[in-house]
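All remarks here apply to the structure that follows.
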Amino acid sequence: MWKYLYLLASPKSFYTLTRPILPWLGSFAFLFLLVGLLWGLFWAPPDYQQGDAFRIIYIHVPAAFMSMALYGAMAFCALLLLVWRIKLAGLMIGVLAQIGASMALLALVTGSIWGKPMWGTWWVWDARLTSELVLLLLYIAILAVGSSFNNREQGDKLMAILALVGLVDLPIIHYSVYWWNTLHQGSTLSVFAKPKIAAAMLYPLLLALVGFAFYCLWLALSRACNELLRREQRQQWVQQLLTESIGGK
Amino acid sequence: MMQAFSFGGYTAYIAGAYGVFLFVFILGALSVGWQSRRVRSQLRKRYNALNCRSLTEVSVDAAVKPQQSGGAEAK
């Protein structure tokens with residue numbers, strides 16, 4: 001495992017290994033999202049209580065899940081940067097923070113749109129909603145800290161520290177519906193428990209979830225490859241790559 | 001056909017949520033394209049600048065080296 005981690009930690013290996021799989025990731029993301037969302041929108045049966053409004057779940061749940069998963073991945077990168085001083089991890093923190101922020105915003109906006117017909121209000125200071133808003137603010141703070149330093153290494157290090165401090169918000173988001181009496185409903189999906197949703201509604205949700213995961217992975221790796229080229233433009237391997245791509249034309 | 005696009009009074013909410021998703025999805029994909037173009041044009045400029053410099057270095061070397069060697073011989 002360490003062998004592969006060290007192999008991926010080298011910018012050149014990372015670029016040459018990830019670049020060819022990007023079109024595949026993009027295609028899988030498009031396919032899974034298309035099937036999952038169309039299935040959820042047109043073929044899944046309406047909910048007995050919420051009617052057709054529940055169909056927002058196919059956007060809201062995957063976006064909320066990805067906003068938390070990306071934060072977890074970002075915290076792992078922060079650990080890699082601070083403990084093993086892997087420079088690539090610093091780059092990944094910034095990339096994951098951008099995508100995580102967009103997912104948190106998407107989860108909040110779609111949740112708000114869902115809340116209006118169900119709860120009669122766009123927003124309540126409920127524990128789940130507030131902790132998700134804190135997650136969005138953490139992402140924004142991490143991005144702001146990263147862009148406020150001219151010295152990139154210093155900026156990356158502070159982003160990593162902030163990412164690790166903010167990790168405490170993840171269990172609060174997850175358990176908020178159990179710890180407090182919230183307007184937000186309990187978890188629909190759980191790794192260990194039986195799903196509380198009918199199979200006809202569950203399958204498109206799982207497809208949408210996989211589609212979102214592929215989309216975020218594609219976006220993160222594409223942005224990381226571009227950013228890597230920009231940061232490493234003085235290195236021999238990038239110049240060699242340029243000579244091959246530009247000089248070959 | 002219109003029946004398929006009617007969601008029992010929630011059409012506007014569903015359209016809003018899916019519209020926001022499409023906006024974020026497309027913006028994310030476009031941002032990768034824009035970033036890629038920006039980085040590549042930056043690298044191309046650098047490549048051209050390096051190429052010009054290496055050509056200049058070659059011509060300067062060609063012009064200077066015989067004189068230097070001549071100087072060395074004179075010493």
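Residue numbering restarts at 1 for every chain, and letters A, B, ... go by the order of the sequence lines.
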Notebook entry, point to check: Above 12 or not: heavy atoms from other molecules or residues under 6.0 Å from CD of B:Q42?
Noted result: yes
Next item on the list: Look at atom CH2 of A:W24 and say whether more than 12 heavy atoms of other residues, nucleotides or ligands are closer to it than 6.0 Å.
Entry: no
Notebook entry, point to check: In Å, rounded to the nearest 0.5 Å, how long is the span from OG of B:S36 to CZ of A:R223?
Noted result: 11.0 Å
Margin query: Less than 4.5 Å to any heavy atom of chain B: does that hold for the side chain of A:Q98, its backbone, both, or neither?
Written below: neither
Check: For the residue pair B:V32 and A:S222, what are the closest heavy atoms and their distance?
Finding: CG1-CB, 3.5 Å
Notebook entry, point to check: A:L41 versus B:I14: any side-chain heavy-atom pair under 4.5 Å?
Noted result: yes
Check: Heavy-atom distance under 4.5 Å to chain B: side chain of A:L106, backbone, both or neither?
Finding: side chain
Margin query: Need one label for A:L33: side chain, backbone, both or neither, based on atoms under 4.5 Å from any heavy atom in chain B.
Written below: side chain
Check: What part of A:W218 lies closer than 4.5 angstrom to a heavy atom of chain B: side chain, backbone, both or neither?
Finding: side chain
Check: Are side-chain heavy atoms of B:Y10 and A:F54 found at a separation under 4.5 Å?
Finding: no
Check: Do the side chains of B:R40 and A:L229 get nearer than 4.5 Å, heavy atoms only?
Finding: yes
Check: How long is the gap from OG1 on B:T11 to CG on A:D52, to the nearest 0.5 Å?
Finding: 7.5 Å
Next item on the list: Answer yes or no: is there a side-chain heavy-atom contact under 4.5 Å between A:T110 and B:Y18?
Entry: no
Notebook entry, point to check: Where does A:Q239 contact chain B at under 4.5 Å (heavy atoms): side chain, backbone, both or neither?
Noted result: side chain
Next item on the list: Flag yes if more than 12 heavy atoms outside B:F23 fall under 6.0 Å of its CZ atom; otherwise flag no.
Entry: no
Margin query: If you compare all heavy atoms of B:G16 against all heavy atoms of A:I113, which two are closest, and at what distance to 0.1 Å?
Written below: C-CD1, 3.8 Å
Check: Strictly under 6.0 Å, is that where the ring centroids of A:F30 and B:F25 end up?
Finding: no
Next item on the list: Using non-hydrogen atoms and a 4.5 Å limit, figure out which bit of B:V20 sits close to chain A: side chain, backbone, both or neither.
Entry: both
Notebook entry, point to check: For B:A29, is it the side chain, the backbone, both or neither that has a heavy atom under 4.5 Å from a heavy atom of chain A?
Noted result: both
Next item on the list: Spell out, as yes or no, whether a donor-acceptor pair under 3.5 Å connects the side chain of B:Y13 to the backbone of A:A53.
Entry: no
Notebook entry, point to check: Using a cut-off of under 4.5 Å for heavy-atom pairs, which of A:I56, A:I59, A:L105 has the most such pairs with chain B?
Noted result: A:I59
Check: Which one of A:S112, A:P117, A:G51, A:C225 has the most heavy-atom pairs closer than 4.5 Å to chain B?
Finding: A:P117
Notebook entry, point to check: Under a 4.5 Å cut-off applied to non-hydrogen side-chain atoms, are A:R230 and B:Q35 in contact?
Noted result: no
Checklist line | More than 12 heavy atoms of other groups within 6.0 Å of A:R19 CZ | finding: yes
Check: Side chain, backbone, both or neither: which part of A:Q50 has an atom under 4.5 Å from a heavy atom of chain B?
Finding: backbone
